[in-house]
There are 2 protein chains.
Amino acid sequence: MTEAAEMARPRVALLDRERIANAALAIVDETGDFTVPAIARALNVQTSSLYHHVDGRAGVIELLREKVVDAMDYDQLHRIDQRPWQEVLACFARSYREAFAAHPHIVPILATTTVRAPLVISAYERVIAMLHEAGFPERDSLAMVTALENFIIGSALDLAAPPVMWEIPEAAEAPELAKALEAVPRDAERAERADRAFEAGLAALLAGFTESLPSR
Amino acid sequence: MTEAAEMARPRVALLDRERIANAALAIVDETGDFTVPAIARALNVQTSSLYHHVDGRAGVIELLREKVVDAMDYDQLHRIDQRPWQEVLACFARSYREAFAAHPHIVPILATTTVRAPLVISAYERVIAMLHEAGFPERDSLAMVTALENFIIGSALDLAAPPVMWEIPEAAEAPELAKALEAVPRDAERAERADRAFEAGLAALLAGFTESLPSR
DNA sequence: ACCTGAACACCGTTCAAGT
DNA sequence: ACCTGAACACCGTTCAAGT
């Protein structure tokens with residue numbers, strides 16, 4: 001008998017940051033949010049045990065952010081080659097959004113805190129350099145990247161939004177909107193609608209940026 | 001002596017939804033979030049008293065949403081006249097974002113819940129109709145409006161983000177990004193940077209939409 | 001170093017009791 | 001109808017005690 005329930009310091013650690021991250025992510029995916037005690041329950045551990053590995057709730061949020069950042073595809077930014085900058089930006093945006101799309105409920109949790117992962121920093125670094133080379137002044141390029149990122153985050157939030165985005169109350173008369181909504185997939189195909197909006201916006205943004213290129 | 005502290009049902013009501021909404025908004029503006037007990041304290045009332053006027057925390061969030069919605073300017077959508085649709089969309093987007101800009105911390109709180117105010121519904125209604133008249137098929141117009149809204153929400157979130165968006169750790173080598181960040185106002189003028197990004201994105205989106213107009 | 005169990009302050013919500 | 005006060009379940013965090 002190992003009396004596992006009573007042991008104060010087990011021979012092999014029960015916890016580590018990765019197990020905590022995975023449990024947290026699973027709970028977020030299921031319930032839309034997480035709780036420190038819920039993580040502990042999922043790992044058959046006391047709540048206070050988590051504090052030996054992670055700096056409380058804020059620390060768990062950092063873990064979740066790392067998870068998302070790791071899911072992004074940065075390789076494409078390495079071989080920028082001769083591909084046009086529009087294409088690189090589009091890939092960047094899609095991979096960014098897809099990393100969130102895999103875990104939509106994570107977006108609202110991360111939305112308010114700072115990006116500080118070195119990987120992300122250097123990704124931005126490359127994008128800015130690329131835009132500079134394409135002929136955009138630095139001031140503009142930063143505004144462009146920020147605008148693109150804002151669009152991506154907003155689009156990711158859209159994925160986490162409740163199923164019916166626009167509840168039409170009987171009171172309001174909205175025949176045109178109703179028609180537009182009818183002409184659109186519902187429930188399970190909601191993601192498709194979100195995808196279409198994302199691609200429409202991305203295409204428009206890139207077209208607009210291209211038009212604003214000074215050297216034209 | 002009125003023994004106010006003991007009275008169970010005061011002659012004049014101490015609370016109403018508007019006072020609750022105002023208190024909540026003030027707390028959100030100050031602290032970045034609100035708490036039901038905090039509202040009660042601000043109004044010199046017992047926490048449980050609030051539940052006679054509002055459906056708990058979720059109800060308070062609805063009140064906050066109404067506050068924001070009321071702050072938007074819909075008049076411009078009434079007299080669509082002969083103004084080009086791009087101009088109308090731009091006004092719409094700016095007024096939408098400005099309503100959030102007045103209370104940035106409100107954005108993360110509202111970001112996940114559904115829009116159902118009739119005023120908002122009918123505003124979308126008019127925009128969709130206008131785009132249809134301009135020559136866009138309904139399917140496209142809905143994607144466009146959604147994309148624009150996502151961009152606006154993302155830009156509004158940007159306003160609520162912590163002051164230093166991109167912390168550059170010493171480890172990461174990011175000279176170009178650093179230069180771009182240097183060329184930009186800091187601290188108090190952060191709003192200006194956000195504004196620039198917003199205007200850049202808005203202009204690009206509208207230019208891109210215009211380019212995609214089928215009847216060209 | 002790593003886990004437990006007890007403890008604390010705090011939040012969201014309910015409900016009987018009063019006027 | 002409207003406010004109070006007590007009560008409950010739950011969360012985030014700390015810390016001494018054990019191995």
Side-chain angles (χ1 to χ4, degrees), chain A residues 1-28 30-65 105 108-110 112-113, chain B residues 1-28 30-65 105 108-110 112-113:
Chain A
M1 268 208 212
T2 43
E3 309 184 28
E6 290 170 334
M7 65 183 161
R9 169 142 152 64
R11 292 143 159 267
V12 295
L14 299 176
L15 291 175
D16 57 60
R17 295 168 62 86
E18 192 175 345
R19 268 177 279 201
I20 294 174
N22 289 335
L25 188 54
I27 293 172
V28 168
E30 270 181 54
T31 69
D33 201 357
F34 78 92
T35 261
V36 182
I39 298 174
R41 278 190 294 269
L43 296 173
N44 286 313
V45 141
Q46 225 59 27
T47 301
S48 52
S49 306
L50 297 174
Y51 284 79
H52 291 275
H53 302 266
V54 163
D55 186 18
R57 183 180 166 84
V60 175
I61 291 178
E62 275 321 296
L63 287 185
L64 290 178
R65 185 193 312 290
H105 292 308
I109 298 174
L110 302 186
T112 44
T113 38
Chain B
M1 268 211 212
T2 42
E3 307 182 32
E6 289 170 334
M7 67 181 158
R9 170 141 149 66
R11 290 145 160 260
V12 293
L14 297 177
L15 292 175
D16 57 61
R17 294 169 63 85
E18 192 176 344
R19 268 178 279 202
I20 294 174
N22 289 334
L25 188 54
I27 293 173
V28 168
E30 270 180 55
T31 70
D33 201 357
F34 78 92
T35 262
V36 182
I39 299 174
R41 279 191 292 271
L43 296 173
N44 286 312
V45 141
Q46 224 60 28
T47 301
S48 51
S49 306
L50 297 175
Y51 286 77
H52 291 275
H53 300 266
V54 164
D55 185 17
R57 186 182 164 84
V60 175
I61 292 179
E62 276 321 296
L63 287 185
L64 290 178
R65 184 192 313 290
H105 293 308
I109 300 174
L110 301 187
T112 44
T113 39

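Note that the structure is a prediction, hence the values are computed from the model and not measured.
B:L64 and B:A24 get closest at one heavy-atom pair: CD2-CB, 4.1 Å. Here the closest heavy-atom approach between residue A:H53 and residue A:D16 is recorded as ND1-CA, 3.9 Å.
B:R41 comes within contact range of the sugar-phosphate backbone alone, with a heavy-atom separation under 4.0 Å but no base atom that close.
Contact annotation: A:S49 does not reach the phosphate of C:dC2 (side-chain N/O to OP1 or OP2, under 4.0 Å). Here A:R9 does not reach the OP1 or OP2 of C:dC3: none of its side-chain N or O atoms lies under 4.0 Å away. A close approach under 4.0 Å does not occur between any side-chain nitrogen or oxygen of A:H53 and OP1 or OP2 of C:dA1. Contact between the side-chain N/O atoms of A:Q46 and the OP1/OP2 oxygens of C:dC3 is not found at any separation under 4.0 Å.
Nearest to the side-chain atoms of A:S48 among the listed nucleotides D:dG12, D:dC15, C:dG18 stands D:dC15. Ranking C:dG18, C:dC3, C:dC11 by closeness to the B:T35 side chain, first place goes to C:dC11.
Nearer to the 5' terminus of DNA chain C, by closest-nucleotide assignment, is the contact made by A:H52 (compared with the other of A:H52 and B:Y51).
Base pairing of C:dT4 is made with D:dA16, judged by Watson-Crick or G-U wobble geometry with both donor-acceptor distances under 3.5 Å. Across the strands present, D:dA9 finds no partner; the criterion is a Watson-Crick or G-U wobble pair with both atom distances under 3.5 angstrom.
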